[in-house]
Amino acid sequence: MTRHRRTASAAAALALGAVATAVLGFAAPASAHVTVNPQEATQGGYGRFAFRVPNESDTASTTKLEVVLPENAPVGSVSTMPVPGWTVAVEKRKVDPPVEVHGSQLSEVVSKLTWTATGNAAVKPGQFQEFPVSMGPLPQVETMVFKTLQTYSDGNVQRWIEEPLPGGEEPESPAPVLALTAASPSTAPTAPTGAAAPQADDDDDESDGVATGLAVAGLVAGVGGLLLGGLAFSRTRRTPTSQV
């Protein structure tokens, strides 16, 4: 009886799992949107990031992607990686105060990147494409929101421009978001130069002292042994003479 109940429970669990998988499977395409990967980085550092673009249309292809860099978080160095079949246009804007990059003050930064498909390179239904970008030094902000426009071959434009909601819920058309964390200072203590040397010398001196003490003790013991041996030998020779 117990075995039958376990079998029935297992079957029910499998059925629920299948239903959940089916529901999630149908829901996944509706929730797909443009993202930036990785989604976390460190303030002040450099990184390689890729804007991942899935195609949500059943009939049209993605032919253009426009990514706007946030105005409140200018980045001094922005470079793109060639994507076969795609061209990229770079737009810039003036900034005040300037952005420092390797000791140089830059008064102009990248404000927008636009990729356009050529030939047969458009992102077709059921496919996705990544557009790599190198950026840095990353600004001293908690998040970078990249408002993005995705254009399809049928003229439709998907506007991924909504910023994160305060409650943590995802908006209907979320913009790609890069979370930035402060660089943690090293917690390892820094020893003064040569601080470890005296300790090593003390250890060596102590070892040498022990070795010297043992050698002296052995020498004393050896000399004592010789003296005792000499006395014993002398007594041995005297005893027979007195008996004769």
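Worth saying up front: this structure is predicted, and the values here are computed from it rather than measured. When a residue number appears, it is its place in the shown sequence, counting from 1.
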So, for [X] and [Y], which heavy atoms are closest and what is the spacing to 0.1 Å?
| X | Y | value |
| --- | --- | --- |
| P176 | V36 | CB-N, 3.9 Å |
| A122 | Q127 | O-OE1, 4.5 Å |
| V101 | G76 | CG2-CA, 3.6 Å |

Contact check, side chains of [X] and [Y], non-hydrogen atoms, under 4.5 Å:
| X | Y | result |
| --- | --- | --- |
| F146 | P70 | yes |
| L180 | M144 | yes |
| V78 | V109 | no |
| R52 | T35 | yes |
| P171 | P164 | no |
| T151 | E66 | yes |
| V75 | P139 | yes |
| T42 | L138 | no |

[X] (side chain) donor-acceptor with [Y] (main chain) under 3.5 angstrom:
| X | Y | value |
| --- | --- | --- |
| Q43 | V141 | yes |
| W160 | Q150 | no |
| T118 | G85 | yes |
| N55 | Q129 | no |
| S153 | S61 | yes |

Nearest-0.5 Å distance, [atom1] of residue [X] to [atom2] of residue [Y]:
| X | Y | atom1 | atom2 | result |
| --- | --- | --- | --- | --- |
| T148 | K112 | OG1 | NZ | 10.5 Å |
| S79 | R48 | OG | CZ | 10.5 Å |
| Q158 | L149 | CD | CG | 9.5 Å |
| K64 | W86 | NZ | CH2 | 10.5 Å |
| T59 | Y152 | OG1 | OH | 10.0 Å |
| N37 | E130 | CG | CD | 6.5 Å |

Above 12 or not: heavy atoms from other molecules or residues under 6.0 Å from [atom1] of [X]?
| X | atom1 | answer |
| --- | --- | --- |
| K147 | NZ | no |
| E71 | CD | no |
| E108 | CD | yes |
| R93 | CZ | yes |
| N120 | CG | no |

- How are the rings of W115 and F131 set relative to one another: parallel (under 30°), tilted (30 to 60°) or perpendicular (over 60°)?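 W115 and F131: tilted rings.
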- Message: Just to verify, which of L69, I161, V68, V177 counts as forming a side chain to side chain contact (heavy atoms under 4.5 Å, CB included) with V145?
- Response: V177
- Message: Applying a strict under-4.5 Å side-chain criterion to I, L, V, M, F, W and Y, I'd like to know whether L106 and M135 cluster together.
- Response: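 No, no single cluster joins them.
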- So if you build clusters from Ile, Leu, Val, Met, Phe, Trp, Tyr with side-chain heavy-atom gaps below 4.5 Å, do L65 and V90 land together?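 Yes; tracing contacts between hydrophobic side chains, which count when under 4.5 Å, links both residues.
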